[in-house]
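Below: the structure, in structure tokens.
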Number of protein chains: 2
Amino acid sequence: MEDVQLKLSSQVCFPIYSASRLITKAYRPYLEEMGITYPQYLVLMVLWENDGLTVNQITEKLLLNTNTLSPLLKRMEKMELLHRNRSSEDERSVIVHLTEKGKNLKAQARPIPENLIKILLTENINLSDVIQLKDMLNEWIRILTENDKNLK
Amino acid sequence: MEDVQLKLSSQVCFPIYSASRLITKAYRPYLEEMGITYPQYLVLMVLWENDGLTVNQITEKLLLNTNTLSPLLKRMEKMELLHRNRSSEDERSVIVHLTEKGKNLKAQARPIPENLIKILLTENINLSDVIQLKDMLNEWIRILTENDKNLK
DNA sequence: TACATTTGCATCGTGCACGATATTAATGAC
DNA sequence: GTCATTAATATCGTGCACGATGCAAATGTA
């Protein structure tokens with residue numbers, strides 16, 4: 001059989017793509033209770049850890065551009081999860097602060113990671129496998145981010 | 001530091017999400033030459049391997065639903081990459097066939113996987129690591145697909 | 001053979017992603 | 001100080017994803 005490389009089953013990118021979608025889907029029931037989506041949950045995690053970041057600082061942490069984040073933050077502001085204010089020091093920057101409602105969701109989110117990992121850990125995959133996978137993906141992210149920068 | 005689990009850096013789902021987006025982005029320059037997107041490339045790969053599948057058979061291979069695939073296939077038909085015809089045996093089914101144009105793209109796509117893997121393989125990550133990662137993700141996909149089915 | 005159920009596909013609405021482009025503020029060069 | 005350049009966001013258009021819903025063909029059941 002020729003063209004083995006063009007077979008879906010021999011590709012590594014397709015499993016990453018599918019796993020990403022399925023994981024987002026697995027999060028959905030938990031996040032739905034909180035009235036948020038997975039990308040919104042990511043924004044909240046960033047702000048729970050470090051409130052008062054600029055839009056640009058959030059883009060760097062989530063590896064998303066402003067053309068994705070601006071409308072997303074706008075929706076979250078409308079949902080009263082956060083405020084957006086121009087920085088007085090640099091009028092170009094927009095600083096994002098959590099509202100009380102946004103802060104309070106943290107308590108509700110606390111059990112989510114453990115619930116997810118419970119689904120994923122099986123007799124075939126243990127925690128050290130997961131950590132190894134995380135490290136490997138982070139190395140790829142480093143490479144791909146670098147590669148992307150060089151194309152511009 | 002409490003709430004370590006809610007820190008972005010300690011999550012494994014976020015690297016999968018980011019890596020997926022970055023990989024799609026890395027594919028883009030190659031696919032742009034062919035005038036297609038990554039999901040369209042996936043459909044082509046499925047059909048190159050096995051032409052004349054029904055929409056349902058494609059959804060099973062790509063783990064996508066018809067509400068994603070129907071418009072996608074419609075766009076690809078408009079681009080003259082494939083034809084969609086109702087099955088005469090089962091009038092509910094739609095059978096998808098590649099056009100000559102769609103078939104011919106295979107030659108152009110042949111070098112893509114190798115180019116991508118060249119970017120990803122480094123001194124820190126070798127081919128057996130990649131295969132291990134692929135196997136692990138496929139196991140997760142199996143679990144998550146099962147988990148998703150149980151919720152319905 | 002009626003009729004409820006299931007199956008295969010499509011449509012609709014919403015929310016990402018992201019390239020391209022625009023806008024305004026800050027910075028740099030002279 | 002003037003003007004080009006850069007930086008920080010925002011907007012627009014297009015293409016996914018996906019839950020919810022609709023619809024017609026096939027299947028199952030009494």
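For clarity, every value in this text was computed on a predicted model and none was experimentally measured. First the proteins, then the strands, lettered A, B, ... as listed; each starts at 1.
Look at CD on A:Glu91: it is 10 Å from C1' on C:dT24, rounded to the nearest Å. Between the NZ atom of B:Lys78 and the C1' atom of C:dA10 there is a distance of 15 Å, rounded to whole Å. In this structure, A:Leu62 places its CG atom 10 Å from P of C:dA17, rounding to the nearest Å. What separates CG of A:Leu73 from C1' of D:dA10 is a distance of 11 Å, to the nearest Å. Rounded to whole Å, atom C1' of C:dC18 lies 13 Å from atom CG of A:Leu72. Between the P atom of D:dT14 and the CD atom of B:Glu32 lies a distance of 16 Å, rounded to the nearest Å. One can place CD1 of B:Ile95 at 13 Å from P of C:dG8, the figure rounded to the nearest angstrom. Here C:dA17 presents its P atom at 10 Å from CG of A:Leu69, a figure rounded to the nearest Å.
In summary, of the residues considered (B:Asn85, B:Thr54, B:Leu53), a side-chain contact (heavy atoms from CB on, under 4.5 Å) with B:Ser93 occurs for B:Thr54 alone. Paired with B:Ser70 under the rule side-chain contact (heavy atoms from CB on, under 4.5 Å), one option of B:Thr68, B:Thr66, B:Leu72 passes, and it is B:Thr66.
Considering only side-chain N and O atoms, A:Arg75 lies under 4.0 angstrom from the phosphate OP1 or OP2 of C:dC16. Between B:Thr37 and the phosphate of D:dC16, there is a side-chain N or O to OP1/OP2 separation shorter than 4.0 Å. An OP1 or OP2 oxygen of C:dG15 is reached within less than 4.0 angstrom by no side-chain nitrogen or oxygen of A:Tyr38.
Under 3.5 Å, the side chain of B:Arg92 and the base of C:dT7 form at least one donor-acceptor pair of N or O atoms.
Here the nucleotide nearest the side chain of B:Arg28, chosen from D:dT11, C:dC18, D:dA17, is C:dC18. When distances are taken from the side chain of A:Thr68 to each of C:dA17, C:dC9, D:dA17, the shortest belongs to C:dA17. Checking C:dT11, D:dA17, C:dA17 against every side-chain atom of B:Lys74, the shortest atom distance belongs to C:dT11. Side-chain proximity of B:Asp90 to the nucleotides D:dC16, D:dA26, C:dA26 is greatest for D:dA26. Comparing C:dC16, D:dC16, C:dT11 against the side chain of B:Ser70 picks out C:dT11 as the nearest. With C:dA25, C:dG19, D:dA10 as the candidates, the nucleotide lying closest to the side chain of A:Asn65 is C:dG19. In this structure, of C:dG19, C:dT11, D:dC16, it is C:dT11 that holds the atom nearest to the side chain of B:Pro71. When each of C:dT6, C:dA17, D:dA10 is scored by its nearest atom to the side-chain atoms of B:Tyr17, the top-ranked nucleotide is C:dA17. Residue B:Asn67 places its side chain closer to D:dA20 than to any other of D:dT11, D:dA20, C:dC16.
A salt bridge links B:Glu100 with B:Lys103: at least one charged nitrogen is closer than 4.0 Å to a carboxylate oxygen.
With A:Arg21 contributing its side chain and B:Leu63 its backbone, the two residues share a donor-acceptor pair below 3.5 Å. Of the possible polar contacts, one joining the A:Arg86 side chain to the A:Arg92 backbone as a donor-acceptor pair under 3.5 Å is found.
Within the 4.0 angstrom heavy-atom criterion, base atoms lie near B:Thr66.
A 4.5 Å side-chain heavy-atom check between B:Asp129 and B:Leu133 finds every atom pair outside the cut-off.
If you find the closest nucleotide of DNA chain D to A:Arg86 and to A:Arg21, the one lying nearer the 5' end belongs to A:Arg86. Positionally, the nearest nucleotide of DNA chain C for B:Leu22 lies more toward the 5' end than for the other of A:Ser88 and B:Leu22.
Of all non-hydrogen atoms in A:Ser18 and B:Ile141, the two that sit nearest each other are CB-CD1, 3.8 Å.
Linking ILVMFWY residues whenever their side-chain heavy atoms come closer than 4.5 Å, directly or via other members, leaves B:Leu82 and B:Ile95 in distinct clusters.
For DNA chain D, the residues of residues 40-61 of chain B within the heavy-atom distance limit of 4.0 Å (strictly under) are B:Gln40, sorted by number.
For residues 21-48 of chain A, the pairs satisfying ring pair (Phe, Tyr, Trp, His ring centres under 6.0 Å) are A:Tyr27-A:Tyr38, A:Tyr27-A:Tyr41, A:Tyr38-B:Tyr17, with sequence neighbours left out.
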